[in-house]
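Since the structure is predicted, the reported quantities are computational estimates derived from the model, not experimental observations. Counting starts at 1 for both ligands and their atoms, following the listed order.
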Amino acid sequence: MSAPLDTARITSLPENAYYIPNFITVDEEERILKKINSVPIPRWTQLSHRRLQTWPSALNKSNTLLAAPLPDWLHEPIISRFKELGCFSDAPHKAPNHVLINEYCPGQGIMPHEDGPAYYPLVATISLAAPIVLDLYEKKVETDTVDAEKEDTGPKYRILQEPRSLLITTGSLYTQYLHGIANTLKDDALTPESICNWSLVGDQQAYKTGAYERQTRVSLTYRDVLKVAKLGNSIKFLNRK
Ligand SMILES: O=C(O)CCC(=O)C(=O)O
Ligand SMILES: [Fe+2]
């Protein structure tokens, strides 16, 4: 990864992960949230514990993305800043081509999971509107399955994501760990010992009580889908009977 990211590295994590507070400004955050909330309702997929938008579209059954540009409001200024950081420079398309937008109300989260082989193993997450703690769990070594050891051991690492921050996870964090967000109304035990990116947190004062009540938090997760089909080719494929 590039020199601009060196100072953003979460050094207590085993492989490369980077955290940058205030990656976007308050105005940029507000503008993006307005766009997210002004899309037609069918753009949202309601899941049991959160709602989701998928841009430019969902992958098909063979994990292929139909080539289409991201909307401008997901593109700039974020993609230029990724370029400056060089964070997608080793990815096959040199830039993200896919964004998931997840919205979590207080009490909602996401089960520990891995993002799998459809993507180049790097996720760039921008958090909006409120802080959240991302939990990392080691995959069970014996079985190499995706069963989380949540009940047994709790998370191995906890990352505090402030609103407007960027978190990049890659390498073994992508392949050997599961990530999840607790279904809770309150994140607590926010201490330098428990939060692995504590020294990089932009506003430590805001967390000095060691806890906060959850508020609605939105995330943008940027990824590079490995398989991309052009529309022309897909039509040819559909007609091939
Ligand atoms: O909201 C987040 O930060 C995580 C989302 C996530 O893990 C996913 O969409 O796969
Ligand atoms: Fe994920």
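In this structure, Arg223 is part of the shell of residues with a heavy atom less than 4.0 angstrom from ligand 1.
Here is the list of ligand 1 atoms found below 4.0 Å of a heavy atom in Ser219: 1 (O), 2 (C), 3 (O). For ligand 1 and Leu100, the ligand atoms under 4.0 Å from any heavy atom of the residue are 9 (O). The ligand atoms of ligand 1 that sit less than 4.0 angstrom from a heavy atom of Thr125 are 3 (O).
Judged as a ring-ring contact (aromatic ring centres under 6.0 Å, His included), the pairs with a partner in residues 156-187 (not counting sequence neighbours) are, in order, His113-His179.
With a 6.0 Å cutoff to the six-membered ring centre and a 45° limit on the axis angle, Arg158 does not count as a cation-pi contact of Trp198.
Classification of the Phe82-Phe88 ring pair by plane angle, with boundaries at 30° and 60°, yields tilted. Relative ring orientation between Tyr119 and His98 is described as tilted, the plane-to-plane angle lying within the 30° to 60° band.
Nearest protein heavy-atom contact of atom 9 (O) of ligand 1 is Asn102 ND2, 3.0 Å. Scanning all protein heavy atoms for the shortest distance to atom 4 (C) of ligand 1 gives Tyr104 OH, 3.6 Å. Nearest to atom 7 (O) of ligand 1 among the protein's heavy atoms is His179 NE2, 2.9 Å.
Only the side chain of Arg217 comes within 4.0 Å of ligand 1, judged by heavy-atom distances. Contacts of Asp115 with ligand 1, taken as heavy-atom pairs under 4.0 Å, involve the side chain alone.
Looking only at distances, a side-chain donor or acceptor of Ser12 sits under 3.5 Å from a matching main-chain atom of Cys196. Looking only at distances, no side-chain donor or acceptor of Glu162 sits under 3.5 Å from a matching main-chain atom of Val201. At distances below 3.5 Å, not a single donor-acceptor pair connects side-chain atoms of Gln161 with backbone N or O atoms of Leu167.
Near-neighbour remark for the Fe ion (ligand 2): protein N, O or S atoms under 2.8 Å are His113 NE2, Asp115 OD1, His179 NE2; waters not counted.
Residue Leu59 comes nearest to Ala118 through the heavy atom pair CD1-CB, 3.8 Å, listed as atom of the first residue, atom of the second, then distance. Taking all atoms of both residues into account, the shortest heavy-atom contact from Thr64 to Val228 is CG2-C, 4.1 Å.
Cluster membership for Ile101 and Leu33, using ILVMFWY side-chain heavy atoms within less than 4.5 angstrom, is shared.
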